[in-house]
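Notes follow the structure.
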Amino acid sequence: METKTKHILSFLLIAFFCAASAACANHRNRQNEKSGEQVINSSQKNRSEAGKLAEALRKKGISDKRVLTAIGNISRHEFIDENLRDFAYLDRPLPIEKGQTISQPFTVAYQSELLQLKPGEKVLEIGTGSGYQAAVLCEMGADVYSIERHQELHETAKETLRKQGYHPQLFFGDGYEGLPEHAPFDKILITAAPEKVPEKLKQQLKIGGWMVLPLGGRHGQKMTIVKRESETRFTESVHGDFIFVPMVEGTEK
Ligand code: SAH
């Protein structure tokens, strides 16, 4: 009788554990399915948010389809602080680390449009910042080089871009020096404002190539194109008023 009771008890115990662990596995699976659904839903949501942002920029006058497609494909929220994610797809500049900013999407699109990039062109960006502009240039099929003077921003952007599947060549350094070892460039894009056109960068342009930069002091800048017409001749044209953070000499660790 005692042995029989023991048998019944162990049977009930085993049955209970089996049932319990089956229930757990089921719950876990359902949770996994659910989080899978959530991932799909949120990436669809971000894509449609990015698409809406591209559409808003088109309405504001951006017409280069490759720029708009690039912006529609990029998860801008991945390039900013989590606390600001609600604002990621609005046409606004946002703060990033080190007192810097991720440019307003319209400005990113406008500068990208002025570059008139052809796939495979070699482009140098000054001011990697969050890495968002570099992602746009990668999406447009360019061969992208980018320099950042803040080591921490450089490191963060490197990680973000890799995670998002972009592989530009990123450098920690002073953009005023450019990258003589990789020059000449078809195009150069400056995303911080120098007071004068940086001479060394002019010399790193291909003949027929050009540089897009916000030129001027702290109170505002003119979007400027500096084109290298020949070995020694450069021409300038002006394309509207903007406000950028200043382009600062040297580096910071
Ligand atoms: N393109 C960036 C915008 C960043 S704001 C983005 O998409 O997020 C401008 C950036 O230029 C800042 O990160 C600033 O640190 C950097 N910068 C300023 N002066 C620089 C210089 N001399 N060389 C390299 N980067 C510079």
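FYI, side chains are in, hydrogens and waters are out, and symmetry mates aren't considered; it's all heavy atoms of this structure. Being a predicted model, the structure only gives us computed values, none of them experimental. First listed ligand is number 1; within each ligand, the first listed atom is number 1.
- In this pair, F79 and Y132 present their aromatic rings perpendicular. The plane angle is above 60°, beyond the 30 to 60° band.
- Ring planes of H182 and Y145: tilted class, angle from 30 to 60°.
- Residue pairs meeting the salt bridge (Lys or Arg N to Asp or Glu O under 4.0 Å) criterion with at least one partner in residues 118-141, sequence neighbours excluded, are K118-E121, E121-K187.
- Heavy atoms of other residues, nucleotides or ligands lying less than 6.0 angstrom from CD of E97 number 12 at most.
- Polar contact check, S103 against ligand 1: no nitrogen or oxygen pair lies under 3.5 Å apart.
- Distances from atom 13 (O) of ligand 1 to the heavy atoms of H150, E125, E148 put E148 nearest.
- At a heavy-atom cutoff of 4.0 Å, ligand 1 is contacted by the side chain of V245 but not by its backbone.
- In terms of protein heavy atoms, atom 5 (S) of ligand 1 is closest to T101 O, 3.0 Å.
- For G127, a nitrogen or oxygen atom sits less than 3.5 Å from a nitrogen or oxygen atom of ligand 1, counting backbone and side chain alike.
- Heavy-atom contacts from other residues, nucleotides or ligands closer than 6.0 Å to CD1 of I243 number 12 or fewer.
- Between G175 and ligand 1, a contact under 3.5 Å exists for at least one N or O pair.
- Proximity of Q100 to ligand 1, defined as any heavy-atom pair under 4.0 Å, is confined to the side chain (atoms from C-beta onward).
- Ligand 1 has no nitrogen or oxygen under 3.5 angstrom from a nitrogen or oxygen of I102.
- Defined by atom type and a distance below 3.5 Å, a donor-acceptor pair is missing between the side-chain atoms of Q133 and S146.
- In this structure, the separation between CD on E155 and CD on Q151 is 5.5 Å, given to the nearest 0.5 Å.
- Other residues, nucleotides and ligands contribute more than 12 heavy atoms inside 6.0 Å of the CZ atom of R162.
- Of all the heavy atoms of Q133, the ones lying under 4.0 Å from any atom of ligand 1 are found in both the backbone and the side chain.
- Every side chain to side chain contact (heavy atoms under 4.5 Å, CB included) that T232 has, sequence neighbours left out, goes to S230.
- Atoms of ligand 1 lying under 4.0 Å from any heavy atom of S130, numbered from 1 in the order shown and given with element: 6 (C), 7 (O), 8 (O).
- Using a 4.0 Å cut-off between heavy atoms, P246 contacts ligand 1 through its backbone alone, with no side-chain atom that close.
- Distances from ligand 1 to the non-hydrogen atoms of M247 include at least one value under 4.0 Å.
- Counting heavy atoms closer than 4.0 Å to ligand 1, residue K98 contributes nothing at all.
- For atom 20 (C) of ligand 1, the nearest protein heavy atom (residue, atom name, distance) is R149 CD, 3.2 Å.
- Judged by distance alone, the side chain of Q221 and the main-chain N or O of G217 form a donor-acceptor pair under 3.5 Å.
- Ligand 1 is approached by T128 to a heavy-atom distance shorter than 4.0 Å.
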